[in-house]
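Before any comments, here is the structure.
Chain letters run A, B, ... following the sequence lines, proteins first, then strands; residues in each count from 1.
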Amino acid sequence: MFEFKVIAQCPVTGARAGELITPHGIIHTPVFMPVGTLASVKAIQPRELEEINAQIILGNTYHLYLRPGSEVIANSGGLHSFMNWNRPILTDSGGFQVFSLAKLQKITDEGVLCRSHIDGSQLTMSPEWSMRMQRVLGSDIAMCFDQCCEFPATHEKAEEAVRRTTLWAERSLKCFNSENDSERQTLFGIVQGSVYDDLRLRSAEEITAMGFKGYAIGGLSVGESHEAMYHSLDVLNGVMPEDKPRYLMGVGYPLNIIEGIARGIDMFDCVMPTRNGRNATVFVSTGRLNMRGKSHANELIPLDSDCDCYTCRNFTRSYLRHLAVCGEILGSELFSLHNLRFTIRIAELARQAIIAGNFPKFMEDFKEKFNDDNSISS
RNA sequence: GGCGGAAUGGCCGAGUGGUCAAUGGCAACAGACUGUAAAUCUGUCGACGGGAGUCUACCAUGGUUCGAACCCAUGUUCCGCCA
């Protein structure tokens, strides 16, 4: 039970609006997916996620394997019922932890020999390990176990990651096909290649040849410039299958999402809305605000008067700044809620614009209004 | 009234003759955060100056010393204990 169709496309940019049918519901794309690594979107309740129209969320294989472990989740009948989330879930394979926990491990073609960041105990991550854990989790979309390499990486290093990612994709697919229930779950492939055009093209060719139901672009937003990211997306835009969903992993930042959509991306996920929210930085239509800043102490206006979220409908910046300065948990919650809604809404508005045929204008207006000099400048 | 102890930068608190504009912590202010080892991390934090540097500073005043936050004397205030 899995189907994707493009229902509208921007004739100028190629931006797509689509529908992704999954066992837990239809996802309207482009879509932003909140990250709920440990079966929890940090500081946000499931009912709030529904309220801000989160259509699908992420969980993480590595983290859920360590805690609570597959038995506890199996005992609850899978991740959906365990965390009381009845909409779609996508699980990351643990591949990203190959990158983010690099100091704790040794990588070979066989897999990743890793030490738990919790207690130092040893475990081996592999494509088969990941597929089996994701089967227990019961996510609607499972991801191949890949190798996300660091940035900057030499061509040689990046090539090794591409080769290994293909090898692991073959093993992921084989294991998935023989053990997982394709009625309940589907598997996406991941393209690597760092910022090297030849490697991106080679990885895309190798991965798409395997016939996955969707394709992710991994290994970006790891420190490269925005231009480099956009360039890689441009390179891939021409070779990714038109009839399959395209998922840009780990993005993100509002302008990156817009630019990604303009380059044919359908799905995004990122910790930025929730992490920045907990750290009191919010995204608004005019840019970015550090809500610990003294300049907001007496502002009796919402974070963003254009936003329809609970935070913006009910609280002043003055109060929110107070919560931020005092480190009150409520501040983390309200900021995270706003940032998620703001980010989700970007995708919603982009979708509307694509369908209405005015995506280029939407993009232009958004970029003109959104000023962020301090950001990771391109 | 007697005896003992203490006074350090916005606050708490180290330092007990030179390497002290003075360790730490807190507060304050600023910045970072992109498939989450993050309710985390980084920076600034006496004044002036772009900087070199200059000035003012460890309760007050006086003294010892080449040199004092640090030693001595007196005073002030605070805290104990005894009458």
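- At whole-Å resolution of the value, CD in A:Glu333 and C1' in B:A39 are 10 Å apart.
- A:His322 and A:Tyr319 have tilted rings, their planes meeting at an angle from 30° to 60° on a 0 to 90° scale.
- Atom name P, nucleotides B:C78 and B:A28: the rounded distance is 31 Å, in whole Å.
- Here A:Phe176 pairs with nothing under the ring pair (Phe, Tyr, Trp, His ring centres under 6.0 Å) rule; sequence neighbours left out.
- The base of B:G35 sits within donor-acceptor range of the side chain of A:Asp92, with an N or O pair under 3.5 Å.
- The base of B:U40 sits with one of its N or O atoms less than 3.5 Å from a complementary donor or acceptor on the side chain of A:Arg292.
- Atom pair A:Asp269:CG and B:U36:P shows a separation of 7 Å (rounding to whole Å applied).
- Contact between the side-chain N/O atoms of A:Arg288 and the OP1/OP2 oxygens of B:C33 is found at a separation under 4.0 Å.
- Nucleotides B:A30 and B:A7, compared at atom C1', are 34 Å apart to the nearest Å.
- Among the nucleotides B:U36, B:U34, B:A28, the one closest to any side-chain atom of A:Gln97 is B:U36.
- Taking side-chain N and O atoms only, A:Arg275 has a distance below 4.0 Å to OP1 or OP2 of B:U34.
- The NE2-P distance, from A:His296 to B:G31, rounds to 9 Å in whole Å.
- Residue A:Asn276 places none of its side-chain N or O atoms closer than 4.0 Å to OP1 or OP2 of B:C33.
- Going from the C1' atom of B:A69 to that of B:C81 covers 29 Å, rounded to whole Å.
- A:Asp266 places its CG atom 19 Å from the P atom of B:G35, with the value rounded to the nearest Å.
- Between A:Phe96 and A:Tyr62, the gap from one ring centroid to the other reaches at least 6.0 Å.
- Look at the C1' atom in both B:U54 and B:G50: the space between them is 15 Å, to the nearest Å.
- Counted within 6.0 Å of CD on A:Glu205, heavy atoms from surrounding residues, nucleotides or ligands total 12 or fewer; the atom is thus considered open.
- Of the side-chain N and O atoms in A:Ser221, none sit less than 4.0 angstrom from OP1 or OP2 of B:U34.
- The base of B:U36 is not paired with the side chain of A:Ser100 by any donor and acceptor separated by under 3.5 Å.
- As rounded to the nearest Å, B:A21 and B:A57 have P atoms that lie 14 Å from one another.
- Atom CZ of A:Phe32 and atom P of B:U34 are 13 Å apart (whole Å).
- Between A:Phe151 atom CZ and B:C33 atom P the separation is 15 Å, expressed in whole Å.
- A:Asn53 and A:Glu348 form a side-chain donor-acceptor contact under 3.5 Å, judged by distance and modelled atom types alone.
- Taking the ring pair (Phe, Tyr, Trp, His ring centres under 6.0 Å) definition, one finds that A:Phe4 meets it with nothing, sequence neighbours left out.
- One C1' atom belongs to B:A60, the other to B:U40, and the distance between them is 46 Å to the nearest Å.
- In terms of polar N and O atoms assigned as donor or acceptor, the side chain of A:His226 comes within less than 3.5 Å of the base of B:U34 in a complementary pairing.
- Using N1 to N3 plus N6-O4 or O6-N4 for Watson-Crick, or N1-O2 and O6-N3 for G-U wobble, each under 3.5 Å, B:G80 pairs with B:C3.
- Nucleotide B:U40 holds its P atom 12 Å from the NZ atom of A:Lys42, rounded to whole Å.
- Here the nucleotide nearest the side chain of A:Met229, chosen from B:A39, B:G35, B:U34, is B:U34.
- Ranking B:C33, B:U36, B:A39 by closeness to the A:Thr274 side chain, first place goes to B:U36.
- For A:Asp146 against B:G35, a side-chain-to-base donor-acceptor contact under 3.5 Å is present.
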